[in-house]
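Only one structure is covered here, and it is reproduced in the block below.
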Amino acid sequence: MDSSATTRRLQHLSRHFKASNITTPPVRVTVTGAAGNIGYALVHMIGQGRLLGPNQQIILTLLELPMAKDQLEGTMMELRDCAFPLLKEIKGTTQYDQGFMGCDIAILVGAKPRGPGMERKDLLAANARIFKEQGEALEKYASRNVKVLVVGNPANTNALITAHFAPSIPKSNFTALTRLDQNRAQSIVAQRVSANVEDVRNIIIWGNHSTTQFADVSQATVQQNGISYTVRGLVADDAWLQKAFVEQVAKRGGAIIEKRKASSAASAASAVCDHIHDWLIGTDNGTFVSMGVITDGKLYGIKEQVCFSFPCICKDGNIKVVEGLKWDQFQQSMIDKTLKELLEEKEMALSVVIPK
Ligand SMILES: NC(=O)c1ccc[n+]([C@@H]2O[C@H](COP(=O)([O-])OP(=O)(O)OC[C@H]3O[C@@H](n4cnc5c(N)ncnc54)[C@H](O)[C@@H]3O)[C@@H](O)[C@H]2O)c1
Ligand SMILES: O=C(O)C[C@H](O)C(=O)O
């Protein structure tokens with residue numbers, strides 16, 4: 001047995017998890033729907049340091065509906081019982097003013113999930129109003145620099161609604177979660193080529209967090225034995241990459257609902273941590289992460305304002321979309337399809353939140 005390697009691994013682990021060297025002021029994080037499926041998993045991951053690393057203290061506010069008050073209190077009791085050193089304060093509320101006052105990071109999970117046989121956009125009628133209210137509340141109470149991640153479905157269109165109703169907060173501060181799709185795609189490719197999941201890089205999720213999303217491997221690489229290979233070259237099966245793979249990623253959420261009779265929770269919470277971590281701590285040299293961001297009329301020629309998932313790199317808390325990637329006919333057709341759906345969702349959403 002190589003005991004020196006074991007010692008090195010354990011030293012690394014203890015350095016990683018020890019909450020020492022706390023120097024920066026605590027960051028205020030609000031999680032809505034904190035007592036639900038995802039919220040319950042997420043607040044515990046936040047306590048463990050998954051969101052901002054092992055040295056950053058957090059003042060965590062859990063925001064819930066009045067009807068979920070008991071579940072909220074139970075969740076807070078467990079969270080306190082974990083005695084996480086990184087949680088400087090734990091607050092629970094059912095009021096928007098207390099929930100969002102001065103918050104630096106708002107993770108908007110609270111919304112209805114879909115059931116078997118539904119598409120995520122079928123939730124628009126029920127969920128769009130929540131995001132109108134929460135946009136208005138962020139506008140009133142949150143820091144102007146608040147970073148917002150929308151998780152509640154349909155996440156892209158809900159992010160657009162939230163931003164619309166918080167006009168004094170920059171549009172670049174609003175994002176939607178497509179990291180779960182990226183993580184799923186990475187994991188499927190890693191299994192297919194027998195690689196470590198972290199050695200698969202730069203798979204891109206374009207467009208909507210829905211069944212029209214496009215998981216694109218044209219820029220993706222796999223590192224094996226110190227050599228970088230293209231995913232296309234290593235898989236050597238374009239037909240699979242363009243159809244079965246794309247569909248498996250796009251339909252994974254539905255497949256989980258069929259099996260669990262509830263939508264993904266731990267994997268969604270883990271993807272939330274990855275998204276916020278990379279946004280605020282930064283991405284590694286040259287690695288793309290997929291995020292739903294609000295278009296500005298210039299990105300990839302998309303003229304309309306939608307929340308579209310792009311490859312991004314992050315530095316100093318800023319997101320930069322990776323521009324200039326060329327699309328062939330197949331990619332263009334996939335991107336047109338997901339953009340068309342986002343435009344349809346936008347119209348539907350506007351009719352709910354801004355009735356004529
Ligand atoms: N983008 C993604 O990758 C992704 C992944 C998984 C799930 N989701 C979506 O996340 C949402 C939550 O899923 P879940 O499984 O946790 O659902 P859930 O029903 O278990 O929990 C939702 C919680 O939100 C609360 N809530 C509802 N409206 C609220 C409001 N206005 N303010 C505060 N809290 C509110 C509810 O009381 C409930 O506790 C769903 O819309 C689901 O489809 C998105
Ligand atoms: O599929 C869903 O409705 C839940 C979530 O968006 C997911 O992708 O797992």
Side-chain angles (χ1 to χ4, degrees), residues 30-43 61-76 92-100 106-138 149-159 161-162 165 175-185 205 207-213 215 248-276 290-292 307 309:
T30 300
V31 176
T32 72
N37 240 313
I38 299 172
Y40 178 81
L42 176 60
V43 292
T61 300
L62 289 72
L63 178 60
E64 258 296 348
L65 290 178
M67 67 194 228
K69 199 162 174 284
D70 280 349
Q71 289 90 328
L72 171 63
E73 282 170 9
T75 303
M76 288 173 64
T93 181
T94 59
Q95 304 296 321
Y96 282 143
D97 55 350
Q98 289 170 30
F100 289 130
I107 305 173
L108 308 185
V109 180
K112 202 169 166 325
R114 66 176 167 149
M118 289 172 77
E119 285 293 330
R120 296 181 186 91
K121 64 185 166 202
D122 298 336
L123 294 168
L124 257 182
N127 287 345
R129 284 185 192 86
I130 297 176
F131 293 90
K132 171 181 190 253
E133 272 175 30
Q134 294 187 353
E136 289 167 345
L138 287 164
L149 169 59
V150 176
V151 180
N153 276 320
N156 299 55
T157 299
N158 289 336
I161 296 171
T162 312
F165 287 98
T175 60
L177 185 72
T178 55
R179 182 60 173 265
L180 177 55
D181 307 297
Q182 178 194 317
N183 288 350
R184 287 168 173 164
I205 305 298
N208 201 2
H209 174 63
S210 76
T211 45
T212 67
Q213 69 178 262
Q248 196 183 343
V249 178
K251 295 187 176 163
R252 186 69 166 181
I256 287 169
I257 291 171
E258 289 298 330
K259 296 282 182 194
R260 255 175 50 85
K261 315 294 177 230
S263 64
S264 60
S267 57
S270 181
V272 166
C273 294
D274 292 340
H275 176 114
I276 298 284
S290 291
M291 296 177 159
C307 179
S309 178

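Start at 1 and go down the list; that is how both ligands and their atoms are numbered. What's counted below: heavy atoms across the whole structure, side chains too, no hydrogens, waters or symmetry copies.
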At under 4.0 Å between heavy atoms, what of Ile257 touches ligand 2? The answer is side chain
Nearest protein heavy atom to atom 1 (O) of ligand 2, by residue and atom, and its distance? Arg114 NH2, 2.7 Å
Non-hydrogen atom of Arg252 closer than 4.0 Å to ligand 2: no
Close-contact set for ligand 2 against Ser263 heavy atoms, below 4.0 Å: 4 (C)
Short version for Asn153: what comes under 4.0 Å of ligand 2, heavy atoms counted, is side chain
Could you tell me whether Asp181 and ligand 2 have an N or O pair separated by under 3.5 Å? no
Looking at Leu63, which atoms of ligand 1 are within less than 4.0 Å of one of its heavy atoms? 33 (C), 34 (N)
In this structure, atom 22 (C) of ligand 1 is nearest to the protein heavy atom Ala111 O, 3.5 Å
Just which atoms of ligand 1 are under 4.0 Å from any heavy atom in Ala68? 37 (O)
For ligand 1, is any non-hydrogen atom under 4.0 Å from Leu177's backbone (N, CA, C, O), its side chain (CB onward), both, or neither? both
Relative to the heavy atoms of Leu180, which atoms of ligand 1 are at a distance of less than 4.0 Å? 3 (O), 5 (C)
Give the residue and atom name of whichever protein heavy atom lies nearest to atom 6 (O) of ligand 2, and the separation in Å to one decimal. His209 NE2, 2.6 Å
Glu133/Arg129 ion pair, N-O < 4.0 Å: no
Here the atoms of ligand 2 under 4.0 Å from any heavy atom belonging to Gly253 are 1 (O), 7 (C), 8 (O), 9 (O)
Heavy-atom distances under 4.0 Å decide this one: backbone, side chain, both or neither, for Arg120 against ligand 2? side chain
Does an N or O anywhere in Arg184 fall below 3.5 Å from an N or O of ligand 2? yes
Contact atoms of ligand 1, heavy-atom distance to Ser264 under 4.0 Å: 5 (C), 6 (C)
Check the side chains of Asn127 and Asn158 for a donor-acceptor pair under 3.5 angstrom, ignoring hydrogens and angles. no
